[in-house]
Amino acid sequence: LVQNIPDTNDALQTLCELFGTVRPSFSGYAFDVFSKANPENLAYTSKALEIHTDLPAEELAPGIQFLHCRINDAIGGDSLYVDATAVAVAFKKQYPEFFDILTQFKVPFRYTTDHQDVRAKQRIIEIDPDNGEVSGINFSLHLADIFDFTQRHIDVFYPAFRKFGQMLNDPKFMMTFRLNAGECIVFDNH
């Protein structure tokens, strides 16, 4: 948690560049989250978002993300963060067969608007080929596309996917807090 960040675009850019080169996503260098009429994204609503990783529809999703709160005059607004790597490690111990399934199947993700259609297939749990450790998580119910698996593969995949989703929502892996104006949280998106 970084505090006392000025309320400017430049302040966030400067902070980000302390970590390395800033690479844009399909939304550009920054994605402003606010409520608006006729939203094209759940982030533009006042509805709670389910646990998810950002941008799984991108072939190379950001590894580090910065959430900079510039204004927070909403009632409520607590954010939930999950240590998804810890969930994956516990999942491997409790459900080794399910863990293996989620490291093998590539799931289709899709993000569409009136002006873009971004798609990629990602493994739910990524494994580092050098050390065998969990190196990434790709999980988003609202960006999952149609699972284009055979029925036999759906029967194998879906129970593992569902169980992992349940574990991601276990409170023992969660942090809950509210960002205030001038605060920024930096986290590893994988």
Using every non-hydrogen atom in the two residues, find where [X] and [Y] come nearest and quote the distance to one decimal.
X: Gln122; Y: Ala120; answer: NE2-CB, 3.7 Å
X: Met174; Y: Leu168; answer: CE-O, 3.7 Å
X: Ile137; Y: Ala88; answer: CD1-CB, 3.9 Å
X: Phe19; Y: Leu15; answer: CD1-O, 3.5 Å
X: Ile154; Y: Pro159; answer: O-CD, 3.9 Å

Just to verify, what does Asp7 make a side-chain contact (heavy atoms from CB on, under 4.5 Å) with, not counting sequence neighbours?
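For Asp7, the residues satisfying side-chain contact (heavy atoms from CB on, under 4.5 Å) (neighbours in sequence not counted) are Arg70.
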
Can you confirm whether more than 12 heavy atoms, excluding those of Ile71, are under 6.0 Å from its CD1 atom?
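Atom CD1 in Ile71 is not crowded, with 12 or fewer foreign heavy atoms closer than 6.0 Å.
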
Atom CD1 of Ile146 with >12 non-hydrogen neighbours under 6.0 angstrom
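No, because the 6.0 Å sphere around CD1 of Ile146 holds 12 heavy atoms or fewer from other groups.
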
Got a sec, which residues hit side-chain hydrogen bond (donor to acceptor under 3.5 Å, both in side chains) with Thr150, two or more places apart in sequence or on another chain?
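By the side-chain hydrogen bond (donor to acceptor under 3.5 Å, both in side chains) rule, Thr150 matches His153.
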
Could you list the residues that satisfy side-chain hydrogen bond (donor to acceptor under 3.5 Å, both in side chains) with Glu183, not counting sequence neighbours?
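Glu183 satisfies side-chain hydrogen bond (donor to acceptor under 3.5 Å, both in side chains) with Gln3 only.
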
If we only count heavy atoms from C-beta on, is the [X] to [Y] side-chain gap below 4.5 Å?
X: Val22; Y: Glu17; answer: yes
X: Ile51; Y: Tyr81; answer: no
X: Asp54; Y: Gln65; answer: yes
X: Phe109; Y: Leu55; answer: no
X: Leu67; Y: Leu179; answer: yes
X: Phe147; Y: Val107; answer: yes
X: Phe177; Y: Leu80; answer: no

Distance-only check: which donor-acceptor pairs under 3.5 Å involve side-chain atoms of residues 93-104, not counting sequence neighbours?
unit_1, atom_1, unit_2, atom_2, d
Thr103, OG1, Asp100, O, 2.7
Gln104, NE2, Asp100, O, 3.4

Tell me if the centroids of the rings in Phe149 and Tyr158 come within less than 6.0 Å of each other.
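Ring centroids of Phe149 and Tyr158 are no less than 6.0 Å from each other.
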
is_close_aromatic(Phe139, Phe161), centroid dist under 6.0 Å:
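Yes, they do, as the ring centres are separated by less than 6.0 Å.
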
Any donor-acceptor N/O pair, Asp117 side chain to Thr113 backbone, under 3.5 Å
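No, Asp117 side chain to Thr113 backbone: no donor-acceptor pair under 3.5 Å.
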
So, Asp83 side chain and Ala86 main chain: donor-acceptor pair closer than 3.5 Å or not?
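Checked: pair present.
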
Please, which pairs that meet salt bridge (charged side-chain N to carboxylate O under 4.0 Å, His left out) have at least one residue in residues 143-169, sequence neighbours excluded?
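For residues 143-169: Lys121-Asp148.
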
For residues 113-134, which residue pairs pass the ring pair (Phe, Tyr, Trp, His ring centres under 6.0 Å) check, not counting sequence neighbours?
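For residues 113-134, and leaving out neighbouring residues, there are no ring pair (Phe, Tyr, Trp, His ring centres under 6.0 Å) pairs at all.
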
